[in-house]
Amino acid sequence: MAESSLQLISEIGAQLGRQTRSGKDSILKSLKQAANALSEIEQPSSQEAAKKLGAAKKIEVAINPLRKAIVNGLIQHKDKEVRLLVAICLSEIFRVMAPEPPFEDKYLREIFKLVISTFAELADTTSPFFSRRVKILETVARCKCCVIMLDIDCNDLVLEMFSIFFLVVRENHQQSLINHIVSIMTHILTEETSQTVVDVILRNLVNEGKGAPSASYQLAVSISQHCAEKLEPFVRGFLTACILDRDAVENELKEFYHEIIFKLFQCAPQMLLAVIPNLTHELLTDQVDVRIKAVNLIGKLFGLPEQHVAKHYRDLFLEFLKRFSDKSVEVRVSALQCVKAFYLANPSGTALHEVLTALEDRLLDFDDRVRMQAVIVACDLAQSNLKSVPPKLISQATERLRDKKISVRKKALHKLMEVYQDYCKKCSEGHMAISDHFEQILCKVLMLCYDKDCKEFRSQNMEIVLAEDLFPAHLSVEERTRHWIHLFSIFTPLHIKALNSILSQKRRLQKEMQIYLALRKKEKENSSEEMQKRMKTSIIKMVAFFPDPSKAEDSFNKLSQMKDNSIFNSLALLLDDMKFRDALNNRDKFLKTLGDRHPLFEFLRSLSSKSSYNIFGSEHVQCILDHLSCNRSGNRLLEASSAKLLLAIISIFPSLLRGSEVQLQMLIEENHQINDRLIEVLAKAGPHICVQLSDIYPILQRVCLEGSRTQAKFAVAAIAALAGASEQFFFSELCKELVDSLHSRRNIPTILQSLGCVAQYSLSTFEAQNREIVSFIKENIFQAGATDDLNSPDATSGCCNSCQLKIYGLKTLVKSFLPHRGTHVRRQINEVLDILSKMLQKGDVFDGIISCESDRAHIRLAAAKSVLQLSRRWDLHISPEIFCFTLFMAKDSSSLVRRLFLNKTHNLLKEHAIPIRYASVFALATSDCLKDLQDDSFKYMAEFIKEYSREARICQASAGQGGSVTDYPAYIVVFLIYLLAHDTGFPHENCRDEQIYAQFCSPLFNLLEALVNATIVDGDMDLVNDARLLLLSIFRAVKKAEDAADAQNTPKLHIIADIGFSFVAALNYNGVSSSHAPALVLLPSSLYRANSQCLTCSSADDSFVSRIVYAFKSQICVPVTSLPKRGRKCQEDNTQSDIIKNHTLILAPHKKVDFSRTGTETQTNVRQDISVGQRRRQAVSPASESVGLHECSTINNQHGASKKSEKILENKQLSSSCDSVTLRSSLAESHVSIQIPESNSSSFKENVRAGGTITAEHSKYSRAKLKDPCNLNVVLPEESNTFQLQHNNLKRNVDTIGDVAAQQQKVLTIEECQKFPKRTTLPGVKARKGQKASIDTSEVTNLNEDAVVKGARRRK
């Protein structure tokens, strides 16, 4: 111990005690000397107690003067520097005198206040006194003197010191300083802990992120970790009280207790062992907000990495898992928001599986907000770890693209596109391989094109998705092509159709844009009104390809007025540049030059995108060809998908093949596996590329002779595409080779295919060899039997080889009458029609040929399909007999034939490729004995009615357009009546069994119900009422006509008309007056003619007709076993299509009966008294918006039905044979108009009987000379001469034809008939390209040649 230091301290103390009014400088000098001297003094370290005590006594005596000077005055000094030096001296005195307090208790409070005040300045690290303050802190921490405050009850100072420490601590403080603070606080907490001090610590735990320095949070964490055992009782008591009854807790921190739990669990989880289980209480409370907060907290706890909270607190986890199915939407959403953190913290294990299962369940939640959040979470999980995310989760998230809520579909699209982009990026970096379950994302995205409810998913917007959102912006063309190739390996026809729709729309806009730019250039050179009109028309066409056509049209008009040619030059460059990367770069330059402040920037941004080759470019084509050439993968599936992709691109953008012609030609020569696709590519691109036909003709010729039928078809098409006007001789050469091969019987199926295709592309060439070809087909193919050498087993086709050859021969003959490009056929079609008639009846052409039932069934099917194909162009030549035989395929003994014919008819009607009269096959098939065929028939019938009704309405709304009742779906009843009347299963003349009649007429009933079912047309009651009125008029017209082929069959027509009239009258839900029915109905004169024998009465009276209608209704409800044998087949299943679900049959006197086809309820007996004379008038509701025909039916079946086709054809005979039907097909039919007098009060039969005698004057002119040769006009005036329809609240008044006041019938001459309008104004149907009407008035020229529709015949 330094004696000099003690002596100096004593002297300084005495001096300071004497200087009562000393100057500041003097005091500072003295205190500095004292502080330095004290720092040199150490505590006595002698091992002998006596010596140590003596030394301590000596020190005490030496510093006593200084102690007195401090407590008697210096401690109250106002100068900060003086106070600081005093605090230093005090801390040193505490150190030297430890462990005994160097001052009396009465002075200690002021002393500690002074020391704590120096701690408050520790935040100022730039102060010159900072080091001195740190020294004081260090000294206090080492001597642990602060615990003395607890002994003298200075708890307020302890609390103040703790608060100051949290306030002044900084991140830039040295760790040693922080350690001193922690040491001081720990010593105090170890000695004594209070709730107030704990509150200070907890408060700083939750202050992070709320403006407080993060160092204070770290200090609180350190204290919590060091003093966990001392703090635990206080923390547990406070938090448990908050969990169980927060409102009873009087502590401001109760508002943050969840955050406190989370923070403490991160730093000192052992403090919460007794707290965490209590959170189950909050999960079970009735208060939604409490459950939400609890879920959020527990979710964060479970998401803490390496803590395994879910494992340690299993009961809490199980209760948390139940919150995914909580009754509150907000709670379920909160639970979902916790999944990602849980997934990242628990990458495996049972708990993760349970959470992911709960997430998958929420993807099907009944609330759209939950489903949307589930999609977001699922996609976030996928993006966090694409490799480990369960494929099932991605698949189910992708299904939300089909969600019933548009908002969910939109969010799913956005998130899934982000996932797909990340996936593509990983694949390009080599971190992942291409995977089906990620590629399925785009498959589902493409299916959005079929969503008719949301304009955001129409092709106009989906194009932007494919162009800008599908791939990362900088992904190479090679990588993009790889993904497209793989996609085509999993694409279904629906996916390809959707993609084609998008690409076709893009191409149509590009073509129209080129036309527009060319017109604008010409208009600048020579402006004219005609040029302006053409530009306007072009604009109208283009705006249809934008999401908002009206806004686009306005922008186009503004663009047209601009004088800046650079914009138009840039657009022209984009249209011409077919390289993908160049197109993107040019577009970026164009938009950058334009500037986002340009008034049309957004429009030009969209227009430039649609004008660019930004989905597929020439580089894509080159990559595909390289892939095929190198065959790097050796994968046949991907090789085939590459060819499919190439075909899809070239079909829309054939010019993209330019420059790659040689490579394609080499592939065709070398690759035999995908030749059919490559040859089709060549056929599509032929006119747009530079290929010499002479160079590739040998290959194509060989394919036509030796390839498959598919390859031959495309090879002929390729020759036609590449052949110039001077190269048609190639067809002559090819045809000769084909005929020679035909005679040598080499590869006959392919030869027949090639000949048929040659006939379509070069009819003159075929006709030069026609006689020889037809002769061979008839003599060597049609006459071949099962024992001939042409026959051999063919497992793939389902029939023997000779049967297959007959079908191929028939197809060749049919194709020869259906040439492309509207070529005129000079040959007569009668011979082919005769062959078809025999095939339809006998299943073969010639008698005496031995064949099995399976072969005959296939031939009947092929003949029926051929009739459908010929009806596109030759429908006027198809006789009633052939028409009936064709439609009776719906009753063929083979279910496979019935199914395939039904599907073929449905597809052709969807394409508007055949007349609508063939849709009556759907009604016939509704009585099929197989449930799945019934369901398909009802579905197809509903789609047909919906599509064609709306189209007729839309066309009627077109300004200045006339209309025809023959365009409405209800008009097919005319043909169904005729078919039923010629059905050999028609009940016997003397039959009075209403059950038999009800069963026989069930196709008619099913069709009528569908026609007046508002649900099929989306509740459009105008369409329903129009259909009902038209039906009533049709039945009346039929009652006034007779069978054109067999007058003795007329009573059957009338009976069916009576039954149909009564049935429709019974379904008059709205009480619309039948007086508003159309007055003019056109009946096809090939089937009907004016009633020349006054056969206006059927053998069925009103009572019997009413019983038949009621019997049909009753058959739906009674058990199957109680039905007559004929009626059981319609009752084999408990359900029917929803076409007739939830109907209410209104019968006089207005008793309601459930007319459902479910058959699950017992119907009460209701008397049916049907009066057809009087009807009430009632306004009809406005029409709803039109929708198009969907790929899948809008009618939902209650039970699934098997769609398996029978592999072995049934050996049953035709259930309703048409052999006995003897109809005459007259090509010179009369045009007769009959005017029927009105009758308001009498029944329909009385109205018929009151008509008197009807005569008809047949036309002396042949059909070729008549303007309307194929229709019988029946005028049905009743009550009024005005036909009123209310369409969208717009009343259309149409004058009926004829003198309504006349009470007797009048025979009109042909000249008078010609004064009549050709159509009523029920629908004003506008002709549309690619569409074909069914049985409208037509003009046929040169019956011995081709039937050319010239007059009013329209296409649908």
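Nothing fancy with the numbering, it's 1 onward along the sequence.
For the residue pair H258 / N296, no side-chain donor-acceptor distance below 3.5 Å is found, with atom types taken as modelled. Side chains of N500 and S651: a donor-acceptor N/O pair is absent below 3.5 angstrom, by distance only. Donor-acceptor pairing under 3.5 Å is recorded for the side chains of T492 and H495. No side-chain donor from either of N346 and S348 sits under 3.5 Å from a side-chain acceptor of the other. Defined by atom type and a distance below 3.5 Å, a donor-acceptor pair is present between the side-chain atoms of Q510 and R507.
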Next item on the list: Show your working on side chain to side chain contact (heavy atoms under 4.5 Å, CB included) between H620 and R480 and close with a plain yes or no.
Entry: CA-CA 8 Å; H620 291 85; R480 294 172 188 248; 4.2 Å; yes

Notebook entry, point to check: Should Y343 and S388 be marked as a side chain to side chain contact (heavy atoms under 4.5 Å, CB included) after you check the CA-CA gap, both sets of side-chain angles, and the distance that decides it?
Noted result: CA-CA 11 Å; Y343 177 77; S388 63; 2.8 Å; yes

Next item on the list: Could you give me the CA-CA distance, side-chain angles and deciding distance for F265 and Q307, then say whether side chain to side chain contact (heavy atoms under 4.5 Å, CB included) is met?
Entry: CA-CA 9 Å; F265 198 92; Q307 294 288 346; 4.0 Å; yes

Next item on the list: Verify side chain to side chain contact (heavy atoms under 4.5 Å, CB included) between L363 and E399, making sure each step is shown before the conclusion.
Entry: CA-CA 9 Å; L363 285 167; E399 287 298 318; over 6 Å; no

Next item on the list: Apply salt bridge (Lys or Arg N to Asp or Glu O under 4.0 Å) to the pair R314 and E354, showing each step before the final yes or no.
Entry: CA-CA 12 Å; R314 179 66 180 173; E354 292 173 314; 3.2 Å; yes

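Closest approach of L344 to P347, counting heavy atoms only: O-CD, 4.0 Å. In terms of heavy-atom proximity, V408 sits nearest to M372 at N-CE, 4.0 Å. Between E456 and N461, the shortest heavy-atom distance links the atoms O-CB, 3.0 Å. Taking both residues in full, the closest heavy atoms of L321 and A358 are given as CD1-CB, 4.5 Å, listed atom of the first, atom of the second, then distance. Nearest heavy-atom pair across C449 and I502 is SG-CD1, 3.6 Å. In plain terms, the two heavy atoms of V309 and L301 that are nearest each other are CG2-O, 3.2 Å.
Taking the six-membered ring for Trp, F603 and F556 have ring centres closer than 6.0 Å. Taking the six-membered ring wherever Trp is involved, the centroid distance between the rings of Y613 and F580 does not fall below 6.0 Å. Here the two rings, on F317 and F302, have centers that are under 6.0 Å apart. Between F944 and H906, the distance separating the two ring centers is not shorter than 6.0 angstrom.
Using a cutoff of 4.0 Å between basic side-chain nitrogens and carboxylate oxygens, K931 and D935 are scored as salt-bridged. Ion pairing between a basic and an acidic side chain is recognised when a charged N comes within 4.0 Å of a carboxylate O; K415 and D380 show such pairing. A salt bridge between E282 and R291 is absent, with no side-chain N of the basic residue lying under 4.0 Å from a carboxylate O of the acidic one. For R587 and E468, the salt-bridge test passes: some basic side-chain N is under 4.0 Å from an acidic carboxylate O. Using a cutoff of 4.0 Å between basic side-chain nitrogens and carboxylate oxygens, D368 and K404 are not scored as salt-bridged. In summary, E943 and K946 do not engage in a salt bridge, as defined by a charged side-chain N under 4.0 Å from a carboxylate O. E463 has a carboxylate O that lies under 4.0 Å from a charged side-chain N of K610, or vice versa, which qualifies the two as a salt bridge.
Note: K551 NZ to S606 OG = 10.0 Å, rounded to the nearest 0.5 Å. Interatomic distance, M462 CE to D469 CG, rounded to the nearest 0.5 Å: 9.0 Å. Here the OH-OG1 distance, from Y313 to T280, works out to 11.0 Å after rounding to the nearest 0.5 Å. In this structure, the separation between CG on L645 and CG on L487 is 9.0 Å, given to the nearest 0.5 Å. In this structure, the separation between OG on S608 and CE on M513 is 10.0 Å, given to the nearest 0.5 Å. Rounded to the nearest 0.5 angstrom, L401 CG and L442 CG are separated by 10.5 Å.
Looking at R950, its side chain does come within 3.5 Å of a backbone N or O of V1017 through a donor-acceptor pair. Without hydrogens or angle criteria, Y940 side chain to N907 main chain gives no donor-acceptor distance under 3.5 Å. For the pair S395 (side chain) and K392 (backbone), a donor-acceptor distance under 3.5 Å is absent. A donor-acceptor pair under 3.5 Å is absent between the side-chain atoms of R369 and the main chain of V329, judged by distance alone. Here the side chain of S459 pairs no donor or acceptor atom with the backbone of S501 at under 3.5 angstrom. Of the possible polar contacts, one joining the K506 side chain to the S612 backbone as a donor-acceptor pair under 3.5 Å is found. Side-chain N or O atoms of S609 include none that pairs as donor or acceptor with a backbone N or O of R605 at under 3.5 Å. Q460 places a side-chain N or O within 3.5 Å of a backbone atom of A544 that can act as its donor or acceptor partner.
Using cut-offs of 30° and 60° for the angle between ring planes, the Y423 and Y420 rings count as tilted.
Contact of the L416 side chain with the T398 side chain is registered, since non-hydrogen atoms from C-beta on lie closer than 4.5 Å. Here the side chains of F491 and L499 are in contact, with some heavy-atom distance below 4.5 Å. Here the side chains of H483 and C424 are in contact, with some heavy-atom distance below 4.5 Å. Between L283 and D326 the shortest side-chain heavy-atom distance does not fall below 4.5 Å. Put simply, the side chain of R332 does not reach to within 4.5 Å of the side chain of R323, judged on heavy atoms. Side-chain contact between F546 and L509: present, with at least one pair of heavy atoms (C-beta onward) separated by less than 4.5 Å. In this structure, M432 and K387 have side chains that are in contact, with non-hydrogen atoms separated by less than 4.5 Å. The shortest side-chain heavy-atom distance between Q421 and E418 does not fall under the 4.5 Å cut-off.
Each of D365, D361, D403 was compared with R371 under the salt bridge (Lys or Arg N to Asp or Glu O under 4.0 Å) criterion, and only D403 meets it.
Note that K300 lies outside the cation-pi zone of F342, set by a 6.0 Å cut-off to the ring centre and a 45° limit from the axis. A cation-pi arrangement is not found for K644 relative to F488, the charged atom failing to lie both closer than 6.0 Å to the ring centre and inside a 45° cone about the ring normal.
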